[in-house]
Amino acid sequence: MAGIWIMRIGHRPDRDKRVTTHVALSSRALGAKGIYVDTFDPVLEENIRSVVGRFGGDYTIQTGVKWKDVVKNFDGKIVHLTMYGSRVDEALPQIPKDENILIFVGAEKVPPEVYQRADFNISVGNQPHSEIAALAIFLDRFTEGKALYEDRNGRMTVIPNERGKTVVNNPE
Ligand code: SAM
């Protein structure tokens with residue numbers, strides 16, 4: 001089955017720790033299958049694997065991988081989220097749903113080669129904002145919201161509650 005992966009480029013472990021963690025967690029919650037991060041960051045890997053261990057699913061993380069190598073081995077379309085790209089509402093119908101997609105999000109300045117290599121350069125509005133917000137909006141639209149309440153068979157399952165917190169601990 002086709003899947004969605006994230007390529008995070010320009011990650012600086014000291015400065016981007018929180019943002020890249022949220023890129024990974026948000027993309028996991030919104031239906032992505034995994035993330036590649038260009039800079040080696042074992043703490044980030046450990047944090048994401050710990051969430052997957054508790055809340056389930058098979059989201060993967062690999063850090064210290066060059067984007068060109070990821071692209072070389074990737075079978076599918078490359079999407080780059082950038083405020084300079086085509087309008088998301090116009091681009092979405094052109095992205096095939098039966099192929100894998102690899103979504104690039106930057107931290108600092110993204111090299112021009114990425115713009116050239118991408119099959120789709122897509123903006124979520126033409127204002128500068130955040131990779132977390134851009135990715136969340138893109139994924140929600142691309143998946144039509146279907147991933148949000150998927151069961152992940154985790155050790156911990158949260159049951160929606162109008163007030164308070166209901167968490168079920170599932171037997172291993
Ligand atoms: N200054 C950097 C540059 O010019 O490439 C971008 C920094 S921005 C904080 C980090 C990332 O957020 C971008 O690489 C892009 O992936 C994403 N982003 C920010 N605003 C966006 C928008 N309006 N549409 C799509 N993606 C956006």
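Computed over heavy atoms, backbone and side chain alike; hydrogens, waters and symmetry mates excluded. Counting convention: from 1, in listed order, for ligands and their atoms alike.
- Ligand 1 places these atoms under 4.0 Å from at least one heavy atom of Ala107: 7 (C), 10 (C).
- Residue contacts with ligand 1: Gly106 is placed with a nitrogen or oxygen under 3.5 Å of a nitrogen or oxygen of the ligand (distance criterion only).
- Annotation for ligand 1: atoms under 4.0 Å from non-hydrogen atoms of Gln127 are 20 (N), 22 (C), 23 (N).
- Of all protein heavy atoms, the one closest to atom 20 (N) of ligand 1 is His129 N, 3.1 Å.
- Looking only at heavy atoms of the protein, atom 15 (C) of ligand 1 is closest to Leu81 O, 3.0 Å.
- In this structure a side-chain-to-backbone donor-acceptor pair under 3.5 Å is missing from Asp41 to Pro13.
- At least one cation-pi condition fails for Lys66 and Tyr36: the charged atom is not both under 6.0 angstrom from the six-membered ring centre and inside a 45 degree cone around its axis.
- Panel note: side chain His129, backbone Met83; no donor-acceptor pair is recorded below 3.5 Å.
- Side-chain N or O atoms of Lys97 include one that pairs as donor or acceptor with a backbone N or O of Phe142 at under 3.5 Å.
- Scanning the protein for heavy atoms near atom 5 (O) of ligand 1, the closest one is Val110 N, 3.4 Å.
- Remark: ligand 1 atoms within the under-4.0 Å shell around heavy atoms of Thr82 are 24 (N), 25 (C), 26 (N).
- Here the heavy atom of the protein found nearest to atom 17 (C) of ligand 1 is Glu131 CA, 3.8 Å.
- In terms of modelled atom types and a separation under 3.5 Å, the side chain of Ser123 and the main chain of Ser86 share a donor-acceptor contact.
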Check against side chain to side chain contact (heavy atoms under 4.5 Å, CB included), Ile35 and Val23: CA-CA 9 Å; Ile35 187 168; Val23 165; 3.9 Å; yes

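- Distance from atom 2 (C) of ligand 1 to its nearest protein heavy atom, with residue and atom name: Glu108 O, 3.9 Å.
- Annotation: atom 24 (N) of ligand 1 to nearest protein heavy atom, Val124 N, 2.9 Å.
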From CA spacing to verdict: side chain to side chain contact (heavy atoms under 4.5 Å, CB included), Arg49, Ile61: CA-CA 8 Å; Arg49 288 191 187 122; Ile61 177 164; 3.9 Å; yes

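- Atoms of ligand 1 found under 4.0 Å from any heavy atom of Ala134, numbered from 1 in the order shown, are 25 (C), 26 (N), 27 (C).
- In this structure a side-chain-to-backbone donor-acceptor pair under 3.5 Å is missing from Asp58 to Lys33.
- Below 4.0 Å from some heavy atom of Lys109 lie the following atoms of ligand 1, by number and element: 3 (C), 5 (O).
- Aromatic ring centres of His80 and Tyr115: separated by under 6.0 Å.
- Distances below 4.0 Å separate heavy atoms of Gly125 from the following atoms of ligand 1: 22 (C), 23 (N), 24 (N).
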